[in-house]
Amino acid sequence: LAGHNLTVKTDGVDLWPAIITGGKSARTSMVYNIDMDDQSETFQLAIRYNSWKLIWGQTKEFRPNRKQSGELSLFNLAEDPYEEKDLATIRVKKLEDMKHIAKKLAEDLKIAFQPNRFSLGFP
């Protein structure tokens, strides 16, 4: 945040050097999504670490209070930028490493409590 003195730790990375020089970004990871249903314990998440992307959980449709079978996909975006070859069954060690990273990130998740979610709109 420009001109603001932060009092809490953030995951911010200064991108200005990469922008002005056209060089490589210092950012090595990105959270695309981490979402959990506080009542059914179903979840969706997608993270990137270096060139690897993990997609895990209910990815088709997030249905509150309905446990569905989860998906697990792993892609090497440096070699497969269009995510056409799922490596989850081939690169098992990398998959476990990425799941560990995802679990650590999810520890900081603050689940939104919605006591009467069925009266809320579902976009």
Side-chain angles (χ1 to χ4, degrees):
L1 299 169
H4 182 74
N5 293 322
L6 296 175
T7 58
V8 296
K9 184 177 177 346
T10 68
D11 71 343
V13 174
D14 184 2
L15 299 178
W16 188 243
I19 292 170
I20 61 172
T21 65
K24 188 175 179 181
S25 169
R27 180 172 284 284
T28 58
S29 64
M30 176 179 286
V31 174
Y32 294 104
N33 181 46
I34 297 179
D35 192 11
M36 292 186 74
D37 177 42
D38 62 331
Q39 296 177 20
S40 68
E41 297 182 7
T42 55
F43 66 94
Q44 298 174 319
L45 68 82
I47 64 165
R48 179 176 177 165
Y49 187 74
N50 293 322
S51 63
W52 292 93
K53 181 176 179 182
L54 172 70
I55 303 171
W56 188 13
Q58 288 182 219
T59 60
K60 299 295 184 216
E61 180 181 0
F62 193 65
R63 295 183 177 178
N65 297 315
R66 292 188 184 163
K67 193 87 167 179
Q68 297 173 326
S69 61
E71 293 184 36
L72 196 56
S73 299
L74 180 69
F75 301 99
N76 182 340
L77 299 179
E79 297 174 8
D80 180 20
Y82 299 108
E83 300 177 16
E84 296 175 322
K85 184 169 168 98
D86 185 353
L87 301 173
T89 58
I90 298 168
R91 298 292 304 268
V92 177
K93 172 73 169 98
K94 178 56 76 174
L95 177 68
E96 292 305 315
D97 292 346
M98 292 293 289
K99 286 171 65 176
H100 178 75
I101 292 167
K103 288 176 185 177
K104 294 299 284 181
L105 290 167
E107 287 177 1
D108 291 334
L109 176 69
K110 306 296 185 257
I111 298 173
F113 177 67
Q114 300 172 1
N116 187 6
R117 72 179 61 226
F118 294 105
S119 65
L120 301 174
F122 289 97

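Annotation: the span from S73 atom OG to M98 atom CE amounts to 11.5 Å, rounded to 0.5 Å. Distance check: W56 CH2 to L74 CG gives 12.0 Å after rounding to the nearest 0.5 Å.
The backbone N or O of F75 sits nowhere less than 3.5 Å from a side-chain atom of D80 that would complete a donor-acceptor pair.
Evaluation of the side-chain hydrogen bond (donor to acceptor under 3.5 Å, both in side chains) test over residues 94-106, restricted to residues two or more places apart or in two chains, returns K93-D97.
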Exercise answer: donor-acceptor pairs, residues 45-55 side-chain atoms, under 3.5 Å, sequence neighbours excluded:
unit_1, atom_1, unit_2, atom_2, d
R48, NE, N50, O, 2.8
S51, OG, N76, OD1, 3.2
K53, NZ, E83, OE2, 2.9

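Both I20 and L15 belong to a single network of hydrophobic side chains, linked directly or stepwise wherever heavy atoms of I, L, V, M, F, W or Y lie under 4.5 Å apart.
Residues forming a side-chain contact (heavy atoms from CB on, under 4.5 Å) with I90 (at least two apart in sequence, or on another chain): K85, L87. Residues that satisfy the side chain to side chain donor-acceptor pair (under 3.5 Å) test with S25, not counting sequence neighbours, are absent from this structure.
Smallest separation of non-hydrogen atoms from L72 and D86: O-OD2, 3.6 Å.
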